[in-house]
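Encoded as structure tokens, the structure appears first; notes follow it.
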Protein chains: 2
Amino acid sequence: MRLVIARCSVDYAGRLSAHLPLATRLLMVKGDGSLLIHSDGGSYKPLNWMSPPCTLEVGVPDDDAREAGVDAVWTVTHKKTADRLTVSIHEVLHDSEHELGVDPGLQKDGVESHLQKLLAEQIERLGDGYRLVRREYMTAIGPVDILATDADGASVAVELKRRGDIDGVEQLTRYLELMNRDPLLAPVQGVFAAQEIKPQARTLAEDRGIRCVVLDYDDMRGVDSGVPTLF
Amino acid sequence: MRLVIARCSVDYAGRLSAHLPLATRLLMVKGDGSLLIHSDGGSYKPLNWMSPPCTLEVGVPDDDAREAGVDAVWTVTHKKTADRLTVSIHEVLHDSEHELGVDPGLQKDGVESHLQKLLAEQIERLGDGYRLVRREYMTAIGPVDILATDADGASVAVELKRRGDIDGVEQLTRYLELMNRDPLLAPVQGVFAAQEIKPQARTLAEDRGIRCVVLDYDDMRGVDSGVPTLF
DNA sequence: AGGTACATATCGGCC
DNA sequence: GGCCGATGTGTACCT
């Protein structure tokens, strides 16, 4: 990895056009040739970047650019798309190279999978008499998070989200449409369950006859760990 | 901005739990105290990070950690949430501080908002006699990009995208379904307008009676003022 | 390889 | 500040 601190201006042409006026920034060149341009603020997203696979070429400025104070021009071109990043370097303040080696990578412990496990164990939170059929019930277009039955034994398909957005309602709608064509399952009722449900998602869901359930994650976790369940 | 190359392991606890085993990485400490941890590959997203507002504290390892080779422990805590990032530093290979100043920021061109503004001004591109009713026409499930009327005075809902994908057709379909239940608006015709429309999106749109219009952004910008827009 | 679902998303606009 | 839509989304997982 090469770290360069430089006064530079940047132009990007690809999905959109973008320009960074002259200022001092960090240029991070990774081992695969990709480039990240960071300022001293903002979030983890760079001001501008080029993702791999790409190649970096260092060139000399034309006469006009040299006159304007440009010392070198970096051109980063993507190998598959026509995306191009041009860095006009006016002054290099720092330049160092470092050997990092391959990273073993991040080990995650997810959230939705945990929420799904908890709801499967506490399926009665959806209503009295509810019973779990199975998690990740496979359909032709993908897995339904939870399949259950209500007190009358009718099928209930549950779509689970951390944040309930319109996309999740669409997803559940597709599953319901498919499952309701299966005479062994139909009629299938839909339940949209999330820690938080956006008003627009709720409107769309209820308009389609899908019930919305807000889950209290901390409460569910509390029941799970230690305290015995009611039955 | 402080740049540190170090052999370290990292633990994150917050929305989820995550762990990075011991390896050599770049630690980028920004002026606002935020921290980014990058490996020498991957995309622009760091392996791990803490977004501002947050504070970084440097502490000494406990006996067990010291025994395991830990030289220092950085603890980054978010000021609002309970998110916490712990970096156990085994060896520092590089450490430098740089003054970057405030960045003037990115200037973008070619985004949907600009396209929307141009089409609102040049609504006749959809057909003779078309008139703009309003941009961002609010419905219960979200704003329709442009509401217009055709030569006969009938309502037309326009969904605008830079790249016309299936998602955009679904979005417009939801709006149309809702608006066509409103006797004051119905019947509402749909127009799917984009710089580029994917074949699958076009097929779906036309199957649903939605008209597809490909927009020439450069041409529209030229008509707009003759003056280059942002830079 | 292509498509789907998820994410510690981030960012900007508007109410 | 919250809500909502767009992003040069990136990433893992599946067929």
Side-chain angles (χ1 to χ4, degrees), chain A residues 12-18 34 36-37 42-52 54 76 78 80-85 105-106 108-113 115-116 136 138-145 159-168 170-172 174-175 196-203, chain B residues 10-18 34-37 42-52 54 76 78 80-85 105-106 108-117 135-136 138-145 159-163 165-168 171 175 198 200:
Chain A
Y12 166 75
R15 297 283 288 270
L16 54 73
S17 300
S34 60
L36 279 61
I37 300 166
S43 64
Y44 70 69
K45 198 175 180 184
L47 293 165
N48 228 323
W49 72 93
M50 185 63 73
S51 305
C54 63
V76 189
H78 198 268
K80 293 183 174 178
T81 67
D83 290 29
R84 172 186 295 264
L85 200 59
L106 190 67
K108 280 189 186 185
D109 185 14
V111 171
E112 190 191 308
S113 62
L115 202 60
Q116 186 189 108
E136 302 286 349
M138 276 307 301
T139 72
I141 55 169
V144 176
D145 288 338
E159 178 61 37
L160 204 58
K161 287 276 180 271
R162 200 163 49 75
R163 286 174 47 192
D165 223 327
I166 269 183
D167 285 356
E170 293 288 9
Q171 195 177 338
L172 179 54
R174 288 196 298 272
Y175 291 142
E196 175 199 353
I197 295 180
K198 293 293 169 71
Q200 296 191 346
R202 178 181 291 273
T203 302
Chain B
V10 183
D11 285 282
Y12 167 75
R15 302 284 283 269
L16 56 74
S17 300
S34 59
L35 176 67
L36 278 61
I37 300 166
S43 66
Y44 69 70
K45 198 175 180 182
L47 292 166
N48 226 322
W49 72 93
M50 185 63 72
S51 304
C54 62
V76 189
H78 199 268
K80 293 183 174 178
T81 67
D83 290 29
R84 172 186 295 264
L85 199 60
L106 190 66
K108 282 188 186 183
D109 193 9
V111 294
E112 186 190 311
S113 65
H114 193 204
L115 204 58
Q116 187 189 109
K117 182 170 175 292
R135 291 166 59 185
E136 302 287 348
M138 279 307 301
T139 73
I141 54 169
V144 176
D145 288 338
E159 177 61 36
L160 205 57
K161 287 279 180 271
R162 224 164 18 78
R163 287 171 50 188
D165 225 326
I166 272 185
D167 285 357
Q171 195 177 341
Y175 292 142
K198 294 288 171 69
Q200 292 186 346

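Naming: A, B, ... by sequence-line order, numbering from 1 per chain.
- For D:dT11, one of the phosphate oxygens OP1 or OP2 lies less than 4.0 angstrom from a side-chain nitrogen or oxygen of B:Ser43.
- Atom-to-atom, CG of B:Asp145 to P of D:dC4 comes out at 16 Å; the value is rounded to the nearest Å.
- Regarding A:Gln116, its CD atom lies at a distance of 17 Å from the C1' atom of C:dA7, rounded to whole Å.
- At whole-Å resolution of the value, CG in A:Asp165 and P in D:dT7 are 16 Å apart.
- Within the structure, a side-chain polar atom (N or O) of B:Trp49 is placed less than 4.0 Å from OP1 or OP2 of C:dT10.
- How far OH of B:Tyr44 is from OG of A:Ser51: 7.5 Å, rounded to the nearest 0.5 Å.
- The distance from atom CG of A:Leu106 to atom CG of B:Leu16, rounded to the nearest 0.5 Å, is 8.0 Å.
- Shown here is B:Arg135, whose CZ atom has more than 12 heavy atoms of other residues, nucleotides or ligands within 6.0 Å.
- A residue-by-residue look at A:Met138 and A:Asp83 shows that A:Asp83 has its nearest nucleotide of DNA chain D further toward the 5' end.
- Regarding contacts with the backbone of D:dC3, every side-chain N or O of A:Arg202 stays at 4.0 angstrom or more from both OP1 and OP2.
- Of the two residues contacting DNA chain D, namely A:Glu196 and B:Gln171, the nearest-nucleotide position lying further toward the 5' end is that of A:Glu196.
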With Watson-Crick and G-U wobble geometry limited to distances under 3.5 Å, how should the secondary structure of DNA chain C be encoded in dot-bracket form, using | for bases paired to another strand and [ ] for crossing pairs? |||||||.|||||||
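- A pairwise comparison of heavy atoms in B:Leu160 and B:Asp145 identifies N-OD2, 2.8 Å as the closest pair.
- Listed nucleotides: C:dA9, C:dA5, D:dA6. Nearest to the side chain of B:Glu159: D:dA6.
- Computed from coordinates, the A:Glu136 CD to D:dC14 C1' distance equals 12 Å when rounded to whole Å.
- For C:dT10, the OP1/OP2 oxygens have a side-chain nitrogen or oxygen of B:Ser51 closer than 4.0 Å.
- Taking atom OH of residue B:Tyr12 and atom C1' of nucleotide C:dA7, one finds them 11 Å apart after rounding to whole Å.
- Atoms CZ and SG, from B:Arg84 and B:Cys54 in turn, are 12.0 Å apart once rounded to the nearest 0.5 Å.
- Between A:Leu16 atom CG and C:dC11 atom C1' the separation is 13 Å, expressed in whole Å.
- For B:Tyr175, taking side-chain heavy atoms from C-beta onward, the closest of the listed nucleotides D:dG5, D:dA6, C:dC11 is D:dG5.
- Picking from D:dA6, D:dC4, D:dT9 the nucleotide with the shortest atom distance to the side chain of B:Tyr44 gives D:dT9.
- With rounding to the nearest 0.5 Å, the separation of NZ in A:Lys198 from NZ in A:Lys161 is 13.5 Å.
- For A:Tyr175 (side chain) and A:Pro143 (main-chain N/O), a donor-acceptor pair under 3.5 Å exists by modelled atom type.
- Between C:dC6, C:dT10, D:dC4, one nucleotide has an atom nearer to the side chain of A:Lys198 than all others, and that is D:dC4.
- In this structure, B:Lys117 places its NZ atom 16 Å from C1' of C:dG13, rounding to the nearest Å.
- Distances shown here put every side-chain N or O of B:Lys45 at or beyond 4.0 Å from the OP1 or OP2 atom of C:dA9.
- Checking the phosphate oxygens (OP1, OP2) of D:dG5, no side-chain nitrogen or oxygen of A:Arg163 falls inside 4.0 Å.
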